[in-house]
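Notes for the one structure printed next.
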2 protein chains.
Amino acid sequence: MAGKSKQPSTPGRQLAKAVRDSKAPAISRAAAVLRLLGKSEKPLGLQPIARELGLVPSTCLYVLRALVAEELVSFDADTKRYALEAGVLTLARGWLRRNEFTDLAQPVLDSISQRFDVTVLGAHIVGLDHIIVVAVSQSGANLQLSAQIGSRFPALISATGRCIAAFGDHTDADIEARFGTLRWDEPPTFADWQAQVAETRQRGFAVDAGNYISGVTVLAAPVWKTRGKLSHALVAIGIGSAVKGSGLPALQDALLSAAQTLSNRLCGEV
Amino acid sequence: MAGKSKQPSTPGRQLAKAVRDSKAPAISRAAAVLRLLGKSEKPLGLQPIARELGLVPSTCLYVLRALVAEELVSFDADTKRYALEAGVLTLARGWLRRNEFTDLAQPVLDSISQRFDVTVLGAHIVGLDHIIVVAVSQSGANLQLSAQIGSRFPALISATGRCIAAFGDHTDADIEARFGTLRWDEPPTFADWQAQVAETRQRGFAVDAGNYISGVTVLAAPVWKTRGKLSHALVAIGIGSAVKGSGLPALQDALLSAAQTLSNRLCGEV
DNA sequence: TGATATTGTTCAATATATAGAATGTTATTC
DNA sequence: GAATAACATTCTATATATTGAACAATATCA
């Protein structure tokens with residue numbers, strides 16, 4: 001009857017909710033463990049994992065063992081530490097294999113990144129929570145870039161956020177609530193931001209001029225998978241001079257028309 | 001009390017075993033669902049998934065709902081079809097981010113692939129079951145290649161298999177049992193293959209001269225993460241002439257010395 | 001278009017996954 | 001190097017995830 005003295009961490013609290021609501025709580029626990037291991041810089045022992053997620057150690061052990069058996073987590077018998085295993089790559093491959101957006105977007109991204117010497121991303125819009133980078137193209141050597149695929153960002157941040165606010169059908173209340181939680185280098189006021197969202201709606205693409213990361217300009221153009229349902233965005237990222245002056249309008253046009261072409265192709269196919 | 005008339009499929013039978021043995025069967029079910037969706041060419045409905053995996057539909061529904069909540073599976077409310085969601089990419093990114101093997105191996109693979117005009121892979125050896133491709137470098141345009149990362153192959157197939165047989169500490173009985181299940185274009189006899197394994201042990205690297213895929217020569221050199229424990233392999237794949245004649249010895253040397261350098265660096269660091 | 005088969009979803013009983021204490025096991029401290 | 005602390009792991013009672021049948025919603029066919 002005594003109140004618990006534990007103070008669950010942020011992932012712990014979210015997990016506790018998911019566990020209560022689900023008819024398969026072990027799966028929520030497993031996903032939380034996988035994400036924690038994915039974030040961690042080094043392999044973790046049972047106790048730290050259980051503590052961070054607010055799990056009972058014995059339950060956490062069973063979860064880990066199941067994940068090890070499925071080859072999604074590796075276990076070092078000497079140090080008793082757990083880490084992500086290469087099996088997660090196989091799942092990602094399954095997703096990449098037949099994702100029409102990445103197939104269609106990659107050549108487009110490559111073309112823009114080379115022509116304007118900027119980094120270009122294809123982002124998948126999951127909802128109001130966050131976006132996931134699903135395709136990348138850089139002008140220079142593109143070796144370490146593939147590691148950026150899979151990165152998650154808050155949905156409403158930067159230029160992509162203005163696109164989602166402008167073209168996704170979310171209520172103003174939802175949007176304002178989320179807006180408060182964002183972290184910017186140079187935060188705009190909500191009023192300023194709303195004006196920019198309105199401008200985005202009018203122009204068809206969004207600009208973040210150093211708000212998210214100061215000195216970095218970000219452009220984003222919306223892509224629709226089915227008519228009326230915002231699903232992806234093309235994003236161009238340039239440092240300082242690369243996206244200033246005479247080059248900018250050309251880049252804006254290229255990004256916007258690429259996004260429109262993609263939308264047409266995605267809508268037509270399905 | 002009546003016997004079941006269902007005849008579970010292969011994934012279904014394996015899953016049934018995992019479910020019985022585990023203290024968190026929902027996780028085994030979830031992993032099986034993810035793998036099935038990863039393999040499938042198109043989104044699947046509840047019933048086909050449940051049938052293929054030998055799951056009760058209601059249970060399968062709860063599993064899918066939990067996976068949707070975790071953003072590992074997407075659900076199309078109109079068609080009621082499930083597919084992998086981009087969230088699996090985020091897990092893969094977590095793995096890639098701090099995997100010393102891929103970091104160290106990538107430049108080495110690039111150098112060899114360019115110099116000899118062959119495809120070069122870094123493979124992670126999971127056990128006697130299979131290997132997973134974790135790094136790729138190709139000589140030509142390397143856009144669609146990144147999709148190959150995550151591919152799984154039977155452990156004992158091709159040149160990598162001879163390496164595992166030669167340098168992993170597995171019993172002959174285990175090896176012979178698995179050998180029988182392999183599928184080659186031009187199957188070697190077990191005696192021939194054993195002779196090649198012995199040669200591999202002597203030379204330090206393995207060759208598959210068209211057995212696995214006829215006309216394709218595969219070289220593999222072992223990489224040790226900790227002294228005495230085989231963990232990875234470097235694999236060079238060449239079509240016909242590219243790996244015949246005078247060029248072959250130089251490629252063998254390059255692959256072998258690259259593997260040894262990698263082994264030293266991986267052992268030393270940890 | 002109406003009838004029928006198939007699929008997706010809810011519901012209540014029960015087999016069982018989970019929580020928490022007890023037990024080994026390893027790391028840390030003095 | 002002994003004592004102590006933290007850790008991983010087993011064990012058992014109980015809350016609950018799973019099952020299989022009943023129901024609702026689609027899709028299919030005549």
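Everything numeric here is computed off the predicted structure, so don't read it as measured data. Throughout, a chain's letter reflects where its sequence line sits, starting with A, and its residues are numbered from 1.
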Inset, instruction - For B/Arg65 and A/Ser22, test the side chains for any donor-to-acceptor distance below 3.5 angstrom and give the result as yes or no. - result: no
Interatomic distance, [X] [atom1] vs [N] [atom2] [rounded to whole Å]:
X: A/Arg81; N: C/dT26; atom1: CZ; atom2: P; result: 14 Å
X: B/Arg29; N: C/dT16; atom1: CZ; atom2: C1'; result: 11 Å
X: A/Asp76; N: D/dA8; atom1: CG; atom2: P; result: 13 Å

Legend entry - Any donor-acceptor pair under 3.5 Å from A/Arg201 side chain to A/Val197 backbone: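 Not confirmed, A/Arg201 side chain does not pair with A/Val197 backbone.
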Inset, instruction - Report yes or no: does A/Gln106 contribute a side-chain atom to a donor-acceptor pair with the main-chain N or O of A/Val136 at less than 3.5 Å? - result: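 Present.
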Inset, instruction - Would you check if the distance from the ring center of B/Phe101 to the ring center of B/His232 is below 6.0 Å? - result: yes
Are any protein N/O atoms closer than 3.5 Å to N/O atoms in nucleotides 9-11 of chain D? If there are, list each pair with its distance.
| from | atom 1 | to | atom 2 | distance (Å) |
| --- | --- | --- | --- | --- |
| D/dT9 | OP1 | A/Lys80 | NZ | 3.4 |
| D/dT10 | OP2 | A/Arg65 | NH2 | 2.6 |
| D/dC11 | N4 | A/Tyr62 | OH | 3.1 |

Inset, instruction - Name the residue closer to the 5' end of DNA chain C, choosing between A/Asp78 and A/Ala26 according to the nucleotide with the nearest heavy atom. - result: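 Comparing both residues, the 5'-ward one is A/Ala26.
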Legend entry - Sidechain N-carboxylate O distance under 4.0 Å for A/Glu41, B/Arg97: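 Yes, charged N to carboxylate O under 4.0 Å.
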Inset, instruction - Please identify each residue that fulfils salt bridge (Lys or Arg N to Asp or Glu O under 4.0 Å) with B/Arg178, with sequence neighbours left out. - result: B/Asp129
